[in-house]
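One structure is given below, encoded as structure tokens.
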4 protein chains.
Amino acid sequence: MSPDRKSRNEEIREASKARILDAALELFSSHGYEYTSISQIARKAGISKGLIYNYYASKEEMLEALIENLNKGEDKFLEIFQNDDPSEVLENMFRLYFREIRENAEVWKMITALSLQLEKFEFVHDMALEKLHRYYKLIEQQLRAIGYPDAEREAKVIAAVFDGMGIHHLIIRDDYPLDELEDYLISKYCRYEK
Amino acid sequence: MSPDRKSRNEEIREASKARILDAALELFSSHGYEYTSISQIARKAGISKGLIYNYYASKEEMLEALIENLNKGEDKFLEIFQNDDPSEVLENMFRLYFREIRENAEVWKMITALSLQLEKFEFVHDMALEKLHRYYKLIEQQLRAIGYPDAEREAKVIAAVFDGMGIHHLIIRDDYPLDELEDYLISKYCRYEK
Amino acid sequence: MSPDRKSRNEEIREASKARILDAALELFSSHGYEYTSISQIARKAGISKGLIYNYYASKEEMLEALIENLNKGEDKFLEIFQNDDPSEVLENMFRLYFREIRENAEVWKMITALSLQLEKFEFVHDMALEKLHRYYKLIEQQLRAIGYPDAEREAKVIAAVFDGMGIHHLIIRDDYPLDELEDYLISKYCRYEK
Amino acid sequence: MSPDRKSRNEEIREASKARILDAALELFSSHGYEYTSISQIARKAGISKGLIYNYYASKEEMLEALIENLNKGEDKFLEIFQNDDPSEVLENMFRLYFREIRENAEVWKMITALSLQLEKFEFVHDMALEKLHRYYKLIEQQLRAIGYPDAEREAKVIAAVFDGMGIHHLIIRDDYPLDELEDYLISKYCRYEK
DNA sequence: GATGAATGAGCGTTCATTCAT
DNA sequence: AATGAATGAACGCTCATTCAT
């Protein structure tokens with residue numbers, strides 16, 4: 001097989017995989033994993049049902065790939081926290097989190113819903129667990145650097161606030177005062193004076 | 001039909017309905033709504049599949065009745081907040097919330113999961129919306145009475161903390177420091193001195 | 001539930017199960033297990049696909065029940081060998097075997113085909129193994145009683161002749177001289193004079 | 001195209017076809033025809049799925065070619081029976097048959113299984129029919145030459161013994177006394193004294 | 001009121017076969 | 001000659017719902 005042929009195929013494969021994951025993300029996010037059928041995904045992706053199984057061995061494996069993809073995106077997003085000023089880092093985190101639930105509310109909903117299905121999707125649970133601890137530690141470090149008291153517990157409270165607001169935003173939708181709360185939390189935690 | 005007979009039948013009906021909802025609550029909580037079949041519920045309730053449809057027109061209507069039931073229970077639970085001392089009321093709320101996620105984590109998980117399925121279960125959404133506003137107001141009132149600044153926003157933050165901790169507890173499980181956080185939050189908000 | 005109701009249901013169940021197994025036997029025999037779909041069985045039995053799964057948990061379990069049924073029939077057939085005269089017993093066996101491959105050639109074919117799928121259908125293999133040993137012993141006993149030399153080996157040879165003729169009859173069909181061979185074998189083994 | 005080129009291509013074609021059939025034989029023998037996919041064959045043969053369809057129009061046609069190939073091999077094997085002494089010829093046949101089921105039990109099983117699928121694979125049936133008659137005649141000739149009585153019927157019995165023992169060996173496996181039966185049959189038929 | 005046999009649409013998945021390159 | 005991405009019909013199976021009794 002010529003290298004041309006090989007790389008051409010690789011391109012086609014990647015394109016198809018991406019189309020499938022795009023369609024799946026959209027449908028899983030809006031209707032939920034259980035209520036999205038393979039047929040729907042295929043239709044939305046503009047391909048045949050069978051082709052999906054050329055790339056993903058099962059519906060669940062597809063979900064796994066999807067989650068992994070999202071995680072990769074987030075890892076990059078965490079890199080930007082290389083900064084000396086802890087207040088600034090904290091503020092960046094707050095701003096990013098708010099942007100996330102503002103712009104990708106549906107995706108965020110999907111991940112939260114899946115995380116709750118502990119025994120059904122162990123890999124999502126593992127991922128959520130690991131991520132949670134990472135966030136705890138990151139927030140705690142900044143709080144400690146700022147001199148905020150009881151940094152360990154407060155970090156857990158802040159992380160809880162994030163996820164809780166995410167849910168409330170999904171329930172209350174446009175009437176939820178995201179902007180207001182963003183400013184409020186930033187001034188509360190990032191402008192802290194001993 | 002004699003009134004006796006009528007009320008006798010009514011009793012039987014109510015007893016059967018209660019058994020069905022009990023079985024459903026247990027199964028929906030542990031396995032999830034989608035993964036629980038009508039057959040399983042009938043078996044657990046000790047009745048036939050067909051009888052369920054005598055009381056509930058569909059699986060979804062059964063869920064609706066179940067949620068309504070849970071709400072009624074909670075309404076009673078909210079009545080106990082008739083107390084003059086706002087700090088005490090707030091503390092009672094905190095304690096009750098922690099007891100709830102400690103003792104009925106599974107039920108709490110079920111409701112959260114359903115709340116996220118916005119378009120699939122509109123009635124759950126409506127219920128969650130209404131409840132959320134009620135809690136906001138209740139917390140806000142106490143905070144205002146205590147003299148806590150920015151009571152409106154802080155009430156939303158506290159409510160978010162509750163739901164966020166509920167999720168984190170489900171993910172981290174026994175390692176999540178519920179006791180510690182309970183004391184921390186109570187001392188932070190209920191022992192507030194202007 | 002009234003006993004009437006219960007026994008009535010039992011009747012219905014048995015009738016349905018029998019119809020399903022009848023249809024399955026006919027189709028498995030003529031087209032083979034792999035080439036018979038659940039839909040075909042349902043159609044032939046005049047019921048819906050779903051009903052089959054009320055009675056048999058899987059296609060394979062259905063086959064298992066089918067085989068068990070056939071075995072029960074055969075067990076009864078073995079009972080008639082209670083006779084004092086070994087020559088007569090042997091002759092009865094021969095006659096019964098020939099009748100079997102004459103009248104139920106298709107069923108016999110199905111069982112043989114399944115027996116060959118050793119690893120796929122362990123229970124058929126187990127059944128075949130057990131039956132084979134039973135036949136070996138039964139034939140050997142008669143031969144020994146008659147005084148036929150080398151009874152143990154000859155019993156294995158006779159059993160092999162049976163299965164071999166079964167295959168040849170399926171291949172050659174109506175031109176296979178079953179009658180002739182029946183007489184020939186009986187005179188060879190049952191009229192044996194030391 | 002030059003004759004060289006032509007024959008060169010022809011060589012490649014033949015080599016590819018042979019590799020495909022080798023792979024197919026191995027897989028069909030071990031897993032069965034129905035449970036072997038074209039993909040598996042292509043993988044084992046080290047070629048692409050599509051190429052298989054360059055040589056064989058369908059999976060079934062591939063099986064047909066495979067069976068034909070096996071037959072060609074056997075025809076050569078029958079040629080060695082050019083011998084004057086009928087007892088010796090008969091003994092050679094016995095020995096060859098036993099060697100066959102000892103060494104190629106899996107292939108033998110595949111052919112037997114296919115032969116039973118009469119209507120599905122007519123060409124296998126035709127082949128089996130033709131071969132069976134050839135064997136009948138060959139055995140009969142030797143028996144007649146030896147002076148064995150009822151040679152025609154006995155030939156059919158011997159052929160049945162062969163196929164029957166083949167099946168029993170597959171069922172009983174290593175515990176089946178092939179060696180013993182080989183000696184027994186040879187002494188019974190080839191050392192015959194009028 | 002109560003039963004459970006029966007239905008059928010829909011699911012996730014497989015695989016022989018086709019075809020553009 | 002050779003590839004493998006793509007197709008689609010068919011499969012075994014599930015389950016909410018209906019209905020005769």
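Numbered from 1 within each chain, the chains take letters A, B, ... in sequence-line order. These numbers come from a predicted model, not from an experiment.
A/K120 places no side-chain N or O within donor-acceptor distance of the main-chain N or O of B/G32, the cut-off being under 3.5 Å.
As rounded to whole Å, 13 Å separates atom P of F/dC15 from atom NE2 of B/H31. If you measure from atom CD1 of D/I38 to atom P of F/dT7, you get 20 Å, rounded to the nearest angstrom. As rounded to whole Å, 16 Å separates atom C1' of E/dT7 from atom CZ of C/R43. Between the NZ atom of B/K120 and the C1' atom of F/dA16 there is a distance of 12 Å, rounded to whole Å. Per the geometry, CG belonging to C/L27 stands 16 Å off C1' belonging to F/dC11, to the nearest Å. Spacing between atom OH of D/Y56 and atom P of F/dA1 amounts to 13 Å, rounded to whole angstrom units. Protein atom OH of C/Y35 is 15 Å distant from nucleotide atom P of F/dA10, rounded to whole Å. When rounded to the nearest whole Å, the span between CD1 of D/I47 and P of F/dT3 equals 7 Å.
Residue contacts for C/I12: at a heavy-atom cut-off of 4.0 Å it reaches the sugar-phosphate backbone alone, with no base atom in range.
Look at F/dT21: its Watson-Crick or wobble partner, with both distances under 3.5 angstrom, is E/dA2. When both pairing distances are held under 3.5 Å, F/dG8 makes a Watson-Crick or G-U pair with E/dC15.
Among the nucleotides F/dA5, F/dG8, E/dA6, the one closest to the side chain of C/S48 is E/dA6. Closest to the side chain of A/Y55, out of E/dA5, E/dT17, F/dA5, is F/dA5. Side-chain atoms of B/K59 lie closest to F/dT17 of the nucleotides F/dT17, F/dC13, F/dA2.
Mapping B/R13 and A/S39 onto DNA chain E by nearest heavy atom places B/R13 closer to the 5' end of the strand. Looking at which nucleotide of DNA chain F each of A/S16 and B/Y53 is closest to, the 5′-most match is held by A/S16. Both C/T36 and B/S37 lie near DNA chain F, and the one whose nearest nucleotide falls closer to the 5' end is C/T36.
Here the side chains of A/L63 and A/F123 are in contact, with some heavy-atom distance below 4.5 Å.
For C/E61 and C/K17, the salt-bridge test fails: no basic side-chain N is under 4.0 Å from an acidic carboxylate O.
At a cut-off of 3.5 angstrom, the base of E/dT13 holds at least one donor-acceptor pair with the side chain of A/K49. For E/dA5, the base has no donor-acceptor partner in the side chain of C/N9 [N/O atoms by modelled type, under 3.5 angstrom].
A cation-pi geometry, defined here as NZ or CZ lying under 6.0 Å from the six-membered ring centre and within 45° of its normal, holds between A/K59 and A/Y33.
D/F28 and D/Y35 have their aromatic ring centers separated by at least 6.0 angstrom.
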